[in-house]
Structure formats: C-alpha cells, structure tokens
Amino acid sequence: MEERDIMEKLNSEQQKAVAATEGPVLILAGAGSGKTRVLVHRIAYLIDVLGVSPGSILAITFTNKAADEMRSRVDSIVGFGSKEVWVSTFHSLCVRILRRYADLIGYTRYFSIYDTDDQLTLMKNLFKQRGTDPKRMREKAVLARISSAKDELIGPAKYRELNRDQFGQEIAGLYEAYNTRLKESNAMDFDDLILKTVELFEQHPEVLDVYQERFRYLMVDEYQDTNTAQFRFVSLLAGKYRNLCVVGDDDQSIYKFRGANIRNILGFETIFPDAEVVRLEQNYRSTQNILNAAYEVIRHNHGRKSKKLWTENPVGTKVRLRRFANGFEEAEFICGEIMREVRAHTHACKDYAILYRTNAQSRLFEEKMLMANLPYRIVGGINFYSRKEVKDLLAYLKTIDNAVDDLQAMRIINIPKRGIGAATIGRIANYAESGGISFFEAACEADRIPGLGSAAVRKVTGFTDFIGVLRARAEGQKISEILKSVVEGTGYVEELRKEETEEAENRIGNIDELISKAVQYEEHASEPTLSGFLEEVALIADIDSLDDTDDRVLLMTLHSAKGLEFPVVYMAGMEEGLFPSGMSINAFNPEEEIEEERRLCYVGITRAKESLTMTSARERMLRGEITESRLSRFVREIPRELVDVGDEEVLRPAGRTLNLTGRGADGAMRNAILGKAESAGRPPYDRDGDRGTIRESLYVSPYKKAGTPGKTEPDFGVGDTVRHVKFGDGVVKEIKDGGKDYLVTVDFPAWGIKKMYASFAKLKRV
DNA sequence: TATATAGTGTTTTTT
DNA sequence: ACACTATATA
C-alpha cells in the first residue's frame, strides 16, 4: 500500500500519529477514537512507506483478543511480511523470551506457570508449614501484597527493609519462602513472568542487546494500564533506539488494583521530554448524547489530562434510567426488553451487552435469560481452565512435563482415589524436604521412606509407575494422545459416568472440550510442545475466546468490557455501595478509589454506540442479606436534561406509597414535588441523598406497574400438562412459591426438566 | 482413610 | 448465599 492509501481514510490527528515514527510518541486516544486503526496503519506505514523490516516491529497489547484482532487487521492491509510483525501480550512475549534463556536465571525451559489457584494452594501449604494462623492474616491478602511488591519490582529483601512493622516482617518471610518454593518447583507466577524478564535483561546485557536490536519499533497499547515492572520492561527494550510509541487514555485506567501505575501515562512527557504528543479526540463510536453523558461523569475527576471528545455522529436518544424494587425485577426488565426487541427483529442478540460491576450479579441475569430463551454468554467468572476436572488433568500434564512441580504432583497423587491420605503425603513431603529432592522424586523412592507401610508403598508406586509410563510415551506423542492416555489410565471419565448426575455429565463434557482444545492447539501451533500447550492454557483469558460472529447477548463485568463496543448497552446495578463499590467508599483514600470507579463508569458508558440504559435496584441481596441502596452518584452526575427517566416517574414521601392512578390519585402532591424539584434546577434524583429525611425519588418500573400484585396463582396444578412457547408440552412436576412469582418445575419430553416462573414463562394449561 | 455435618467467613474488578 | 474448613463418625 502506498502512503496516499494509508493516510486517505484518517483524520489529520490520526495521520500525525501514524507518521510520527521516530523517537518517543504519546498518543492520547479517547474512547472510540480509532486507536487500533491508528496502530494498524502505523505498522503499515513503517513497512510499506519507510521500508522497515516487519520482523523488527513489536506491538504489545493486554489481551490475546486485542493481539489477534490487530494481527489480522495488519494482515489485511500490509502487502507482505505481515506474519513477521510481532504482536503479543506482555505475558506471552515474556514467556517466549524466558523459555529461551531460562537457564541463565536458574530455571529450565519447562518451567510451569502458576495461576491464582496454584498460588493459593502454595500459600496455604506455607501457612501450615510455618504455623501461620490464617485467622491472623489471610492467604489471599498475603498473596496480594506479594503481587503488588512484584509489580513494583520489590524483592523479599527490599520488602523486609520497607516494612519494618511486625506484619511486614512476617509477610516478608512468607514472600521469601513463597519465592523459594516457586523456584524449587521450576515455576513462575504471573507477576514473575514480567519480573524475571526484567531481571534477565538487567543481569545479562547481551540478552537485552539481542532484543533491542530485534525490536527497533515498539508500540504499547492500553498504556494507562501498565505497571512499574511492565514500564521497566518496555524502557529497557526501547532503551537503545528509543522508538517507543505508547497509546492510552488516562480516563480509562481501571487496573490500579493490579498494579497499573497511572503515572506511567501522566508522566510520560516528564520521562521523555522530547516526546511528541498526539491527541485523538474525535469519536467514531457513540451518539452525542452518550458521549455527553460520559463527559459529564468523567469531568468530576481531578488530575486528568483535560480533553473532550466530540463526534459527528447523530444526537441519538437520551440515556435511559430505570429504577426497580430489587435486582430480580431489574433483570426481568432488561431481559424482557431484549427479548421483545429481538423478536421484533429490531436488533440481533449480539447487539446487546449487559454490564455490571461484580461477577456475582450475573446470576440473576442468567436465570432470566434462560427463562426468556435468549442465547447469551457470560464472560469471566469461573474460567473453563479452573474447573476441577480440567485442573486435575492439566496437573497430570504438568507433572509429566515438569517433574519437579510439587504442587501438581501433590494434587493428583490421590486422584483418582488411590487410598493415599494426608499422612502418607506428609511423610513423602518430609522425606523430599530432608533429602532436598522434589516431591515426585521422593515418591519414586517410596520404599525407602520411613513410616510408610507396605500397602502405602504399593499405592504410591502404582502412581509413580503410571506417570513413568506416560512420560516415556509422551516423547513424540501428540498432546491430545497423552491426554487421552491420562483419561483412560486414571479412569476419570468412567468414574464420573457412574455418578449419573447432570453435574458429572457436565464434567465429562468439559474433559471432551479440553481434549479438543489440545487438538486445536496441535493444529495451529507452529511447533507444538507440551509446555507450549500448558502455557497457552495458562495465559488465556475468557474474553480472548469471544467470537463476534456468534449471536448471543453478552454479560460481563465493566472491566471485561474495556476495548469492546455494542449498539445497545445496559449498565446494571447503578447503586451506591455496589458501583461505586463499598470498598472504594470506605477506603482510607476514598477520593482516589472513587475516581478509579468513575473511570470504570466512563469505560462502561463509552461502550455504547446507539443506546445506553442504566438501571438500579432499591434493594439488593448482598452476601446473604438484603441491603437498601441509593442511586449511584455517577448517575446523579449526569444532568437531568440528558436523561430519560421513564414516563412513570413519581416521587413519594418516605415510608408511604403514592397512589398515582385512578380516583384519589395524589396528583397534586406529585406535581408539587416534581415542580419544586425542577424549578430548583436540580434533577429529582439529585436529592436521593436525603434518603430517610424528607423524601426520595422513585422511578417505577414501566415493566411492572406499581401496586400490581407480584404474582397470580397459576391455573394448573401438579400433574397437569402445560404448553410453553419454546419447549412445547410438558407435565408439571412441582409448584413452589418463589417469592415474586410461582416457581414451576416442568418435565418437557423433548427438553428435559426445566424450572421457570409461571407468569413470566406464560405457561398455558392444555 | 473417607465421608457427612456443622460452623465459619467472604467478595470488587483480572493478565 | 455460598464455599470452604474443621470436626465427628463409620
């Protein structure tokens, strides 16, 4: 492609960003301003116009999905050599480097990658071993401290110096022990992947030099989310040629809890005084109304790089606000609305996204989606690879691949049940410890371990022999074949089959899926290896497997939604205490924490292209108890004239429900309150803060009229045959009072047993 | 050693 | 509400 073609479809700022190839460049790219487009065109410009060798260009993203997308877009506009461009995530790039030079820093190329579960298991072991009381400090909290230390490139010794108090000293001790155990197991956690690469570069300048020479042009996406370690990594890489281009938006920095250091972007011009700064402020995604609402929210933050997005897009409809009595009705409204619009063919399912603050909120929506028969996909939550059966099988593969990974060996030594209990495992672990060998090696010498009876020795040897056979066969065998041998040899599936429960069937399904993932890996990897497969599995995120061609409503957290866009967006749970989270409100530095939440809200709003609806519940079930909450301050920050609050907006004195319809309606009072609120120039919901003092505003669900009885008794009983729109005819098995509505269990011959709410499912007696 | 039961604590977000 | 842990029991 020629220069003219590359620049043709770009605005002048975008062109500037594309052409600024030499030296440090900071691209401040607002939401929806076409930053991926700029990066892709920049790569094309480097190759096709400047003649830069594709192999010397490196683009770093945060998710595999973003990397895939960029790779394919580069592929479509760059003539040749696009395959040589390096597009990678921080983590996978570091793994690649580390595998090659692992021996220089005391690891082997087969090192394992520990996920959060592995870390927790390891920490629990350490607590036990060191006699640390889990009531005094929690394992997770210690891991969080260690993780932030690693993000900041602080090792155990430095941590000890920095935290002189007793807790600090104790954590430092655990940190040290934790690192030792990882090293002994030839394993690294997520943070180590970056940290160890930095160490490698710093201790071995000759290695750094190799990569500095290879990557002459660096680009970093989502720069606002980099942490100190990642910053150091990038600085080292770019240290020689200084062609570093970072792209980011300080208003979208939402990963502080993961160590993201907003100073990396805010202070870029201080660190690189000669940096060229380009601002992309034209938005191509959202309507003016949506963009204005987003701006009104984000402008409440201090210390941001001031900028205001604009768009040539239509004004669009107002942002809608709908309030409900509880989360249940909220979910019913959203799902019902989507269902009606999909039926009317206004939109396809994939045009919708439901965004929320916490994963726990997904359950309510999932139930309603099932009842409404809408295809959906929940992103995040429990990862496929963290299911027990999948982890068990992977532990076998890891033990075969990396024999010194004690954690995995200990996990599977009694899976399936071989009659090896805690006592035996303890004795093997002791023996391993005193002999300075790995757990698995110790198990291989079971007959020499004091305290093990002949029965125990026999059982342990059975296990080690099994692994031995698998390992001997693994050489040159396909990964899927190894996996199948494990499944057969352990009798895992057989055991599950015997259970004859739906749960077990699911697990078997997951095992099949794991095997097919292995097959897929063998097909797409250039040089498939067992380590390679395990690494891919460890670094994959749920979001990476999103397929934008499949027609489903997407449900995910606001965090997961970053980088995506949808025609119709619902932001659910807009309540104080939930969003912004109670954690942030009660933090020791609430201002800062709430600003982070506000950025998250900004990210959510700017995901919407055509339509945005915010919803909230006045009552919500939060860890087992019902909590009452006020409308989120973020909603209240949007001026009234930008918000459509629905046509049944009413205000009621606290503790009393207004009669709005029919004879004797409290019309005068309603008008008085409304009029007063509006003449005062404040949005009615702005006074929501007065809860309990005077009166609160109330937006009644148009879906369920105020005062309507929540449920009507079904006209059928147990044993009757009923008809469902989708499932056809079935026999009623059970009717239960489900609070808001009657919960009916029906056996449909063609679909199996389903539970549903009577009036919502519109069951009819036949 | 394996299993059933009661009791305990937890939740923000994730590569 | 739920998952995880400690304890009692077979």
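What you are looking at is a predicted structure, and each value in this text was computed from that prediction instead of being measured. Below, chain A is the first sequence line, B the second, and so on; all start at residue 1.
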message: Among residues at least two apart in sequence or on other chains, which ones pass side chain to side chain contact (heavy atoms under 4.5 Å, CB included) with A:Ala395?
response: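 So A:Ala395 forms a side chain to side chain contact (heavy atoms under 4.5 Å, CB included) with A:Gln408, A:Arg411, A:Ile412.
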* Go through the structure and list residues passing side chain to side chain contact (heavy atoms under 4.5 Å, CB included) with A:Ser147, not counting sequence neighbours. =>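 A:Asp151, A:Asp191.
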When we call it a touch if two heavy atoms are under 4.0 Å apart, what does [X] touch: a base, just sugar-phosphate, or nothing?
X        : result
A:Lys140 : sugar-phosphate
A:Phe257 : base
A:Asp225 : nothing
A:Ala360 : nothing
A:Arg599 : nothing
A:Ser560 : sugar-phosphate

Exercise. Please figure out whether A:Ile425 or A:Ser581 has its closest DNA chain B nucleotide nearer the 5' end.
Key: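 This one resolves to A:Ile425.
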Judged by each residue's nearest nucleotide on DNA chain B, which is more toward the 5′ side, A:Asp191 or A:Arg138?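 Mapping each residue to its closest nucleotide by heavy atoms, the 5'-most match is A:Arg138.
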Sequence neighbours excluded, which residues qualify as side chain to side chain donor-acceptor pair (under 3.5 Å) partners of A:Lys196?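 For A:Lys196, no residue satisfies side chain to side chain donor-acceptor pair (under 3.5 Å) once neighbours in sequence are set aside.
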Exercise for review: Please list, chain by chain and in numerical order, all residues satisfying side chain to side chain donor-acceptor pair (under 3.5 Å) with A:Lys391, sequence neighbours excluded.
Suggested key: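 Applying side chain to side chain donor-acceptor pair (under 3.5 Å) to A:Lys391 gives A:Asp115, A:Asp118.
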* Considering only atom C1', compute the distance from C:dC4 to B:dT13 and round it to an integer number of Å. =>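 Taking atom C1' in both C:dC4 and B:dT13, they lie 22 Å apart.
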Got a sec, which residues hit ring-ring contact (aromatic ring centres under 6.0 Å, His included) with [X], two or more places apart in sequence or on another chain?
X        : result
A:Phe257 : A:Tyr255, A:His559
A:Phe439 : none
A:Phe62  : A:Phe90

Can you pull the contact range of chain A along DNA chain B, 5' to 3', using atoms under 4.0 angstrom from its heavy atoms?
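Under 4.0 Å from chain A, the extent on DNA chain B is B:dT1 to B:dT15.
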Review point. Can A:Glu628 and A:Arg618 be counted as an ion pair, charged N to O under 4.0 angstrom?
Key: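 Salt bridge absent between A:Glu628 and A:Arg618.
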All N/O pairs under 3.5 Å across the protein-nucleotides 5-7 of chain C interface:
residue: C:dT5; atom: OP1; partner: A:Lys124; partner atom: NZ; Å: 2.8

Next item on the list: Would you check if there is a donor-acceptor pair between the side chains of A:Tyr110 and A:Asn186 at a distance under 3.5 Å?
Entry: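 Distance-only check fails for A:Asn186 and A:Tyr110.
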